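Take a look at the structure below.
Every chain is numbered from 1 and lettered A, B, ... according to where its sequence line falls, protein lines coming before strand lines. Note that the structure is predicted; figures quoted are calculated from it, not measured.
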Amino acid sequence: MRYKSLTITSIFVLMAGVAGTAFTGENWGKYAAGEKRSGYTFMTPETRAMQDDDFANPAFLWVEQGQELWSKVEGEAGKSCASCHGDADKSMKGVGATYPVYAKELGKLINVEQRINQCRTERMKAKPWKYESSQLLGMTAYVKNQSRGMPVNPKIDGAAASFFERGKAFYNQRRGQLDMACMNCHVQHPGKMIRANRLSQGQPNAFPLYRLKWQKLGSLHRRFRGCNKQVRAEPYPFGSDEYVNLELYVMWRARGLPVEAPGVRM
Amino acid sequence: MATKPRVKVPQQVKKGEVFEVKTLISHKMETGLRKDKKTGALIPRKIINKLIVKYDGREVFKADFHPAISANPYMSFFTKATKSADMEFTWVDDDGTEYKHTAKINVN
Amino acid sequence: MSKQGSTQTFTRRQVLIAASGLALAGFVSRVRPAIADAASTQEAIKKVIGGKDPKPGRIKLKLPEIAENGNTVPVSFSVDSPMTKKDYVKAVHLFAEANPRPNVGSFYFSPTSGKATASTRMRLLKTQNIVALAEMNDGSVYMTKTKVKVTIGGCGG
């Protein structure tokens, strides 16, 4: 049964105080690009301060782990990442700003997590790391951190085009018991409170990131799963084609915003 | 533990200078108040309950942590530079495990 | 308020699910122990400082005005003291009045600390007062109280 008076806005409350000023008026410098704003600009000063200082940012516990693993020999090929890629600050620069990319050998898109595991299984003859393991999160954060400050700029033409279109369709598709699409929250209502959560534009540029709620580092796909569950929709598996296509679309939405990996969010 | 503790001290300090020491360690800090979602059983408390800091062999700072300290405990404090020596950090887990880290203090 | 949004309708059920789901996600599995209050905090304080009567002042407590997630609330304090052998702060104790258990942490200093200043992060179940106590070497005790608003509660502790 439908109640006309219960509009979608009844679960969105206009925010007041700190949260309100976070959205309008202020000059967010590098954390904004035109109308686009990083999730950073929706956080309280204390959460932002935690991201601003690499020592205060707990995500760096994992980045350091990634850095150590970079030169650790593993697998039957007797190699480490460094054996082939040398210094990460040169060889990995730009990766975090441009992925996911089309992988010819697979005939589909591949994200950074999957590229890392591809190198492990095919080139190192080592076991892949599990999605959301501290090793894969740490290495992904370490690799993406080499692009920190670079503007997000993924390629969506050529072979990537049809996958991009699928990601875009997913973004605008209503789903779940609440029958809501990503865009219903992140395009139509950024800046509003949805219960105790302050909605941002849902930008991906700081992932993997440390969420105060998770009390640890988490991947973009973990966030996608959370957002799907919020509308009582079945989440897709980590690293599923659906989520990698969606990842390309949200990265394209974020173009111009700086890579922040690893960020800090509420 | 998956990751190592992090400690930040200045590269150089002058004798008599009061300097800041920042520490971070990864730990779940299980409160003992949460239930396992599947079994419904109480998850036992497991926290880091103490941080002890020695400088040149003498204790210069100590903290007692309760379950209300956040996961991945962060702690910063100050101390006075006396001489070039090691600063030793020990985090004590409820299960008795000690996590250790040493930093060099260079005094000129 | 919203442009396109106002034309969309929701069933009452959808709204209720959204409301409860978003507000309670992550908390359903938490046990609800008796929450501490000012009285049990007084008791915890007594255990730490004995029968002493704390005086107001000397401690500066720095806390966010609003903590967006109670899991990780930064807290710093600084006690006004010369930190000499004759006159120094021995310890600072933090309490959260409305957590399941009021004790947060105790921090011990000596004259070689130079200053009795420190920072950490704590869990807060909900909006509440934070109490800081400073024990001086001469046996006197000082106290400060500050309120923190918590948007989403942490697990307490």
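For the pair B:L33/C:R101, a side-chain contact is recorded, criterion being any heavy-atom separation below 4.5 Å from C-beta on. A 4.5 Å side-chain heavy-atom check between B:S70 and C:T72 finds at least one atom pair inside the cut-off. Residues B:H66 and C:L94 have side chains not in contact (no heavy-atom distance under 4.5 Å, counting atoms from C-beta outward). Using a 4.5 Å cut-off on side-chain heavy atoms (C-beta onward), B:F77 and C:Y108 make no contact. The side-chain heavy atoms of B:M75 and C:F107, taken from C-beta on, include a pair separated by under 4.5 Å.
Nearest approach of C:K115 to B:V18, heavy atoms of both residues: CG-CG1, 4.1 Å. Of all the heavy atoms in B:F78 and C:T117, the pair that sits closest is CD1-O, 3.5 Å. Closest of all the heavy-atom pairs between C:R123 and B:M29 is NH1-O, 2.7 Å. Heavy atoms only, all atoms of each residue included: B:I69 and C:V104 are closest at CG1-O, 3.4 Å.
Aromatic ring centroids of C:F109 and B:F61 lie under 6.0 Å apart.
The greatest number of non-hydrogen atom pairs below 4.5 Å with chain B, out of C:S110, C:A118, C:A91, is found for C:A118. Heavy-atom pairs under 4.5 Å with chain C peak, among B:K62, B:E17, B:K80, B:E59, at B:K62. Highest contact tally toward chain B, considering only C:A116, C:S113, C:P74, is held by C:S113 [criterion: heavy-atom pairs under 4.5 Å].
Proximity to chain C is limited to the side chain of B:R58, based on heavy atoms less than 4.5 angstrom apart. With a 4.5 Å cut-off on non-hydrogen atoms, C:V73 touches chain B through its backbone but not through its side chain. Neither the backbone nor the side chain of B:I47 comes within less than 4.5 Å of any heavy atom in chain C. Contacts between B:A71 and chain C at a heavy-atom distance below 4.5 Å involve backbone atoms as well as side-chain atoms.
Summarising the local packing, NZ of C:K149 is surrounded by 12 or fewer heavy atoms from other residues, nucleotides or ligands at distances under 6.0 Å. For C:K90, the NZ atom sits in a loose shell: 12 or fewer heavy atoms of surrounding residues, nucleotides or ligands are nearer than 6.0 Å. Open room surrounds NZ on B:K54; 12 or fewer heavy atoms of other groups in view lie less than 6.0 Å from it.
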